[in-house]
Number of protein chains: 2
Amino acid sequence: MPIPILLTVDAVVFGYTPQRDLHVLLIQRGHDPFAGHWALPGGFVLPNEHIEHAVRRELKEEAGIEPDYLEQLYTFGNPNRDPRGQVVSVAYYVLVKPSKFTLTAGTDATDAQWWPIADLPPLAFDHAEILQVAFNRLSAKVTYEPIGFELLDEKFPFSHLEHLYTTLLRHSIDRRNFRKKIMQFGILESLNEKSAPSGSGRPAALFRFNRARYFELKNSGFALDLSTPAVK
Amino acid sequence: MPIPILLTVDAVVFGYTPQRDLHVLLIQRGHDPFAGHWALPGGFVLPNEHIEHAVRRELKEEAGIEPDYLEQLYTFGNPNRDPRGQVVSVAYYVLVKPSKFTLTAGTDATDAQWWPIADLPPLAFDHAEILQVAFNRLSAKVTYEPIGFELLDEKFPFSHLEHLYTTLLRHSIDRRNFRKKIMQFGILESLNEKSAPSGSGRPAALFRFNRARYFELKNSGFALDLSTPAVK
DNA sequence: GCAAAAGTGTTGTAACTACACCCATGT
DNA sequence: ACATGGGTGTAGTTACAACACTTTTGC
């Protein structure tokens, strides 16, 4: 005797802003429960809607975002996670280049904003836990798949990549060795452009991720390894 | 306006039988849809039931199995995956030592049986896809976490471990190098016992997985790597 | 004594870590 | 000229891959 259950989706959207820090997209809830609290974007799955479609729809509605990279994270089924009763939520994690979008608050939300991962407000429901799981997954995955590039602009200086990895791996790395390793794979295309000078310092060369080259490598059985030891 | 949706769980239960092959537990369905077809064990989530609890309950009911190792795999939400209408399913994968259980067919099932992974019957719903995802996940995970031991008996000869990895990695491996690698970690405790002679050949020494030692290693920041190159 | 499975060491090579100084630009 | 961030090479060490013969048992 099947009993229908309320099903939602939630998205942990990561963005890496030019100021060089990892951010998460949060929306401020307009209604109860948790009215006024910050929460992950998400909402109920519609009848006959594919769950992945539901996430994309909610992201567009609530924040005006259409992600390139989106992947299922985990399904949270603790019967007490929502004060309204049993609500099971399928969580996704999403990587975007923030420069591609202007955030727009949707109808259900009073606001949509990027929050630095190191300084988050209290979150509604079990969203702090979901975010933690997402961050851990991202940190782990970035060492064996080149998904970090989904967070950077199309063209980026090497230092952005390095700083991103520093943040995700939670330790500093040796610049020379890291660069050598990535260059060896040949998955970075070096452009004949320099970044605009930002304040002072030498302008950096710009690179682009060579997706085609990466898939070649991958299909020929090559395993990427972007982990790097902590520098003392 | 939330609409309730039917929610099920499905389990991909892997077992490694003494005959030395990787098997999956399937049940033969007693009712429509797909009456008579083989399917993954599973069923509907009850009101206010935690989803993980639902899997354990179904496994016990349908096959008499109480697993040690159980982990969420992926949530399948294609609206056409069930002919009865929209049914979202949270899939788990489960590792058991088959020698610990006697299979018992439950009330909904006409039969419960181990099937060799290399020779499966046609499956109900999208269960073939689920099984494929589970197998891929298991194959990947076995290289960086020692979950393979959950499939072996408490005491096992080295050759069982080696054969298991051969099956999961889908290529043969160098026995000497593999053994060296695993022995280096010190996660195998060598017992002063020999396996009973099975037919002909030299009797093998028995080992036990040293869980405590593994957690020590892990907590001191050590990353296991049990991948091994294919032998030419 | 032969078939079948278990057990074991060495050597060359490739990959990694550690490490510090010069360069280009803005102010 | 100085502050800021960008860019680069080498040497010692370690870890891995490749490889084949001997041992113990049953029949």
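Proteins come first, then strands; the chains are lettered A, B, ... in the order of their sequence lines, and each starts at number 1.
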Output all residues satisfying salt bridge (Lys or Arg N to Asp or Glu O under 4.0 Å) with E129(B), sequence neighbours left out; order by chain, then residue number.
none

Test: salt bridge (charged side-chain N to carboxylate O under 4.0 Å, His left out). Region: residues 219-231 of chain A. Which pairs qualify, not counting sequence neighbours?
none

Report yes if at least one side-chain N or O of S159(A) is closer than 4.0 Å to OP1 or OP2 of dG6(D); otherwise report no.
yes

Polar atom pairs (N or O), protein with nucleotides 10-15 of chain C, under 3.5 Å:
{"from": "dT10(C)", "atom 1": "O4", "to": "K180(B)", "atom 2": "NZ", "distance (Å)": "2.9"}

ring-ring contact (aromatic ring centres under 6.0 Å, His included) with F215(A): which residues, sequence neighbours excluded?
none

Between dT14(D) atom P and K181(B) atom NZ, what is the distance in whole Å?
18 Å

Listing request: all salt bridge (charged side-chain N to carboxylate O under 4.0 Å, His left out) pairs with a residue in residues 198-211 of chain A, at least two apart in sequence or in separate chains.
E150(A)-R211(A), E154(A)-R208(A), E189(A)-R208(A)

Distance, rounded to the nearest Å, where R179(B) contributes CZ and dC19(D) contributes C1':
17 Å

Sequence neighbours excluded, the answer for ring-ring contact (aromatic ring centres under 6.0 Å, His included) partners of Y93(B) is none

Can a donor-acceptor pair be found, under 3.5 Å and without considering hydrogens, that links the side chain of K181(A) to the backbone of S227(A)?
yes

By side chain to side chain contact (heavy atoms under 4.5 Å, CB included) - contacts of Y74(A) (at least two apart)
F76(A), Q72(B)

Show me, pair by pair, the donor-acceptor contacts under 3.5 angstrom made by side chains of residues 138-146 of chain A, not counting sequence neighbours?
{"from": "S139(A)", "atom 1": "OG", "to": "F135(A)", "atom 2": "O", "distance (Å)": "2.8"}
{"from": "S139(A)", "atom 1": "OG", "to": "L168(A)", "atom 2": "O", "distance (Å)": "3.3"}
{"from": "S139(A)", "atom 1": "OG", "to": "R170(A)", "atom 2": "NH2", "distance (Å)": "3.3"}
{"from": "K141(A)", "atom 1": "NZ", "to": "E71(A)", "atom 2": "OE1", "distance (Å)": "3.3"}
{"from": "K141(A)", "atom 1": "NZ", "to": "E71(A)", "atom 2": "OE2", "distance (Å)": "2.8"}
{"from": "T143(A)", "atom 1": "OG1", "to": "A140(A)", "atom 2": "O", "distance (Å)": "2.8"}

Each nucleotide of nucleotides 20-27 of chain D classed B (base within 4.0 Å of a protein heavy atom), S (only sugar-phosphate) or -, in 5' to 3' order, makes B--BBBS-

Choosing from dA17(D), dG7(C), dG7(D), which nucleotide comes nearest the side chain of P229(B)?
dA17(D)

When you measure from every atom of DNA chain C, which of residues 140-148 of chain B have a heavy atom less than 4.0 Å away?
none

Residue list, salt bridge (Lys or Arg N to Asp or Glu O under 4.0 Å) with D174(B), at least two apart or on another chain
none

Across all chains, not counting sequence neighbours, the salt bridge (Lys or Arg N to Asp or Glu O under 4.0 Å) partners of R179(A) are none

